[in-house]
Protein chains: 2
Amino acid sequence: MSERQEVTRARLLRATLEALGRHGVARTTSREIATAAGVNLQAITYHFGSKDALVAQALVDAVRKWIEPARTALTGIAGDPLGGLFATVAALRAALDEAHEHVPAYLEALATAARDEAVRAPIVAMLAELREALAASIRELRDAGLIASWVEPEPMAALIVAAGDGFVLHTTLDPDAHSPGATLDQVTRLLLAASMRDEPE
Amino acid sequence: MSERQEVTRARLLRATLEALGRHGVARTTSREIATAAGVNLQAITYHFGSKDALVAQALVDAVRKWIEPARTALTGIAGDPLGGLFATVAALRAALDEAHEHVPAYLEALATAARDEAVRAPIVAMLAELREALAASIRELRDAGLIASWVEPEPMAALIVAAGDGFVLHTTLDPDAHSPGATLDQVTRLLLAASMRDEPE
DNA sequence: GTCTATAACTAGATAGAC
DNA sequence: GTCTATCTAGTTATAGAC
């Protein structure tokens, strides 16, 4: 594939993502995408087969931009549980701060995924990867004796990912919904509680 | 407003909600809504002013169906913290089980809310009500000495609502993402940890 | 109040020149 | 490979009969 083709494809994807974030799948037209990308209308059909295929790929890309930084941050924990933990938390916070601008497109992606298998499958796979990376980190922390033995890596990872997702969605829709500092404090308390050796029965 | 009018409006709203859940805002047309509702195409304009206005109202209704049962369940706690707690948990579980069928429309609503103030405002208000109801319950439980004093009602309520929301969204997209029993067990453990009197410092 | 018929418009896809 | 010009089909909104 020629370099010029790659450039055109990238411009189209980028323009699509921006348009989706601005006014959603429903009101994003081929003409607007092509104009914003600075390419011809026909280029969409030529490079992606159809407008729907271009939109589907752009939506999956939107989710990737959202999930990838978080997953990358988690790998910092591997091999150095305690030291990596702080770096990971810092990286996650940075990823979250940046996440809000992608949320509208992310929501479009989720809404489309609920209906369209071609969009759903790759998104579900990415979410699964994120959960697994987090579960591995939790397991390592637990084996190092840093958190309570009753913590089960997989379910706890799923719970944390879901909570983080919901938190960002709600915060984006309503900035007043959460006080970041107060929420962080409560999460920290919960983590401390989970790090106690006591086995509640 | 006549009874006949009410019936037509209700049928239109119901048909719109179903169509939105099936194939999203983007591919829901006035013709399909009118046909499914068994009314005339023109009725949309007559009763709601425009297709967009009808869709907006249907989306807000979708969120209401989602949030209302959860909020109602929480009121059971008032005045009888311990006894109400079990009833509330049972009611919440029932509400969650039923929630999955509404998720596609709920996601459409969130995606639209991210862009459209007329949809966003009522949704944000409903979410805020839900958080407040939960915060009141938490406060009551805390004052009754059933949970640790370090639990702050508002931030903890916001956290729980966000987590529950994310949990249902992820579970709907990928039924294998969470093992309900295992997740519930971890939540229970966390709650038990939060109910300890120990003040972690 | 509800219908039929249609107007006015915009969409995505395509044909064919270059 | 990329453009211009155009086609066909679909959309919402409206006019006017009943």
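Below, chains carry the letters A, B, ... as their sequence lines are ordered, and counting in each starts from 1.
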**Asked** Just how far, in rounded Å, is P of dG1(C) from CZ of Arg9(B)?
**Response** 13 Å
**Prompt:** Between dT2(D) and His47(A), is there an OP1 or OP2 to side-chain N/O distance shorter than 4.0 Å?
**Reply:** yes
**Asked** For Arg27(B), which residues count as a side-chain hydrogen bond (donor to acceptor under 3.5 Å, both in side chains) partner, sequence neighbours excluded?
**Response** Asp52(A)
**Complete:** Taken to the nearest whole Å, CD1/Ile33(B) to P/dA13(D) is 11 Å
**Message:** Is the ring pair Tyr106(B)/Trp66(B) parallel, tilted or perpendicular, if the boundaries are 30 and 60 degrees?
**Reply:** parallel
**Asked** Whole Å only: how far is the CD atom of Gln5(A) from the P atom of dG1(D)?
**Response** 5 Å
**Item:** Criterion salt bridge (Lys or Arg N to Asp or Glu O under 4.0 Å) against Arg22(B), the qualifying member of Glu108(B), Glu32(B), Glu101(B)
**Value:** Glu32(B)
**Asked** Can you tell me if Tyr46(A) and Asn40(A) form a side-chain donor-acceptor pair at under 3.5 Å?
**Response** no
**Message:** Tell me the interatomic distance from Glu6(B), atom CD, to dT2(C), atom P, rounded to whole angstroms.
**Reply:** 11 Å
**Item:** Over 12 non-hydrogen atoms of neighbours within 6.0 angstrom of CZ in Arg115(A)
**Value:** yes
Between N or O atoms, less than 3.5 Å apart, protein on one side and nucleotides 12-18 of chain C on the other: list the pairs.
{"unit_1": "dG12(C)", "atom_1": "OP1", "unit_2": "Ser30(A)", "atom_2": "N", "d": "3.3"}
{"unit_1": "dG12(C)", "atom_1": "OP1", "unit_2": "Lys51(A)", "atom_2": "NZ", "d": "3.0"}
{"unit_1": "dG12(C)", "atom_1": "OP2", "unit_2": "Ser30(A)", "atom_2": "N", "d": "2.8"}
{"unit_1": "dG12(C)", "atom_1": "OP2", "unit_2": "Ser30(A)", "atom_2": "OG", "d": "3.3"}
{"unit_1": "dG12(C)", "atom_1": "N7", "unit_2": "Arg31(A)", "atom_2": "NH1", "d": "2.8"}
{"unit_1": "dG12(C)", "atom_1": "O6", "unit_2": "Arg31(A)", "atom_2": "NH2", "d": "2.9"}
{"unit_1": "dA13(C)", "atom_1": "OP2", "unit_2": "Lys51(A)", "atom_2": "N", "d": "3.2"}

**Asked** Is the backbone of Gly38(A) close enough, under 3.5 Å, to the side chain of Arg11(A) for a donor and an acceptor to pair up by distance?
**Response** no
